[in-house]
There are 2 protein chains.
Amino acid sequence: MKLDGIDKKILRFLMKDARRPILEIARNIGISGAAIHQRLKKLEASGLLSGSKFVINPKVLGYTTMAYIGIFLDKAMSNPRAVKALEKIPEVLECHYTTGNWSILIKVLCKDNEHLMHLLNKEIQQIEGVSRTETFISLNQQINRQISI
Amino acid sequence: MKLDGIDKKILRFLMKDARRPILEIARNIGISGAAIHQRLKKLEASGLLSGSKFVINPKVLGYTTMAYIGIFLDKAMSNPRAVKALEKIPEVLECHYTTGNWSILIKVLCKDNEHLMHLLNKEIQQIEGVSRTETFISLNQQINRQISI
DNA sequence: TTTGAAAGAACGTTCGT
DNA sequence: ACGAACGTTCTTTCAAA
């Protein structure tokens with residue numbers, strides 16, 4: 001997939017604000033709305049644009065504690081089964097099958113430390129095959145962005 | 001901030017597709033467009049809705065290697081200065097100030113392992129005050145979602 | 001609070017060029 | 001890539017339930 005300068009400009013606009021009107025972008029870039037429309041269709045067809053999302057600020061709902069948890073699995077425990085169990089826990093936002101010490105690295109979002117403790121003791125550790133965990137609390141997320149175009 | 005059932009339904013629609021027309025959501029939920037309009041304004045004013053983003057699939061652009069890197073900083077190196085340096089590296093998508101072994105945990109996205117190696121050796125390790133790093137390659141990201149409403 | 005309606009502006013989309 | 005045209009959606013407003 002190759003992007004020219006105009007494609008990149010369009011993407012940079014929409015990645016910041018998915019609701020930005022096409023015509024407004026057209027005016028900013030200096031080409032017609034129809035042209036942008038065509039390009040967006042191409043980008044969509046290529047699979048590069050996989051959708052749009054409203055971004056929510058979890059702090060407003062009281063979710064202030066983010067953490068990464070490295071999980072060690074027993075030999076017998078298959079990764080897919082563990083993932084299936086983790087999917088059912090809504091606090092788990094990401095789950096990665098990683099190289100290195102752990103079998104799995106997950107990112108969780110909790111209301112506070114107590115919530116996190118409960119999540120660890122009553123949810124994560126209770127999953128069959130989970131032998132040990134290592135938790136890293138994010139005291140402050142200082143960068144959060146998508147790939148730069 | 002308290003959400004009632006209708007708020008939650010609206011959010012669930014928009015979190016999946018930010019471009020979904022309000023009137024269509026209204027029809028699905030069974031209330032008027034004007035009501036949704038009012039609620040969205042409230043949600044925006046509360047700060048819960050912090051914007052919308054087009055989601056890009058980096059694989060289409062050839063970015064297939066995601067990794068987490070734990071960074072050890074020298075005592076002398078202040079966290080803000082390190083973050084400033086990391087901000088300049090576009091491959092760095094997230095940066096967390098964490099408890100535990102490392103000073104900083106970052107998430108990076110690279111085209112391939114070679115790209116990652118270059119990033120580590122020529123960019124990250126070159127930052128003044130970075131003493132050591134530990135890298136965890138994500139072989140497969142199996143969950144990726146926002147907070148559940 | 002929500003509704004239904006109504007107005008005008010702005011938008012997405014599709015053409016022929 | 002353009003510009004015009006059409007149908008839809010958005011925003012805003014208002015009186016009424």
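Just so it is clear, the model here is predicted, and its values are computed rather than measured. Throughout, protein chains are lettered first and strands after them, A, B, ... in sequence-line order, and every chain is numbered starting at 1.
Atom-to-atom, CD1 of B:Ile29 to P of C:dT2 comes out at 12 Å; the value is rounded to the nearest Å. If you measure from atom CD1 of B:Ile10 to atom C1' of C:dT2, you get 12 Å, rounded to the nearest angstrom.
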Side-chain atoms of residues 17-27 of chain A: list all donor-acceptor pairs with protein atoms under 3.5 Å, sequence neighbours left out, distances to 0.1 Å.
residue : atom : partner : partner atom : Å
A:Asp17 : OD1  : A:Arg19 : N            : 3.0
A:Asp17 : OD1  : B:Ser52 : OG           : 3.1
A:Arg19 : NE   : B:Ala18 : O            : 3.2
A:Arg20 : NE   : A:Glu24 : OE2          : 3.1
A:Arg20 : NH2  : A:Glu24 : OE2          : 3.3

Sequence neighbours excluded and cut-off under 3.5 Å, please list the side-chain donor-acceptor pairs for residues 30-41 of chain A, or say none.
residue : atom : partner : partner atom : Å
A:Ser32 : OG   : A:Ala35 : N            : 3.2
A:Arg39 : NH1  : A:Asp4  : OD1          : 3.0
A:Arg39 : NH1  : A:Asp4  : OD2          : 3.1
A:Arg39 : NH1  : A:Asp7  : OD1          : 2.9
A:Arg39 : NH2  : A:Asp4  : OD2          : 3.2

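By the 4.5 Å heavy-atom criterion applied to side chains, B:Val108 and B:Thr135 are not counted as neighbours.
For residues 57-66 of chain B, no pair satisfies side-chain hydrogen bond (donor to acceptor under 3.5 Å, both in side chains), with sequence neighbours left out. Screening residues 110-123 of chain A for side-chain hydrogen bond (donor to acceptor under 3.5 Å, both in side chains), with sequence neighbours left out, gives A:Glu91-A:His115.
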>> Strictly under 4.0 angstrom, non-hydrogen atoms only: write out the protein contact profile of nucleotides 1-17 of chain D, one letter per nucleotide from the 5' end, B, S or -.
In response: BBB-----SSSB-----
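The two residues B:Ser138 and A:Thr98 come nearest to each other via the heavy atoms CA-CG2, 4.2 Å.
Two rings, from B:Phe13 and A:Phe54, have their centers 6.0 Å or more apart.
To the nearest 0.5 Å, atoms CE (A:Met66) and CD1 (B:Ile147) are separated by 9.0 Å.
Both key distances under 3.5 Å define a Watson-Crick or G-U pair, and stretches of 3 or more such consecutive pairs in DNA chain D run C:1-6 with D:12-17, C:8-17 with D:1-10.
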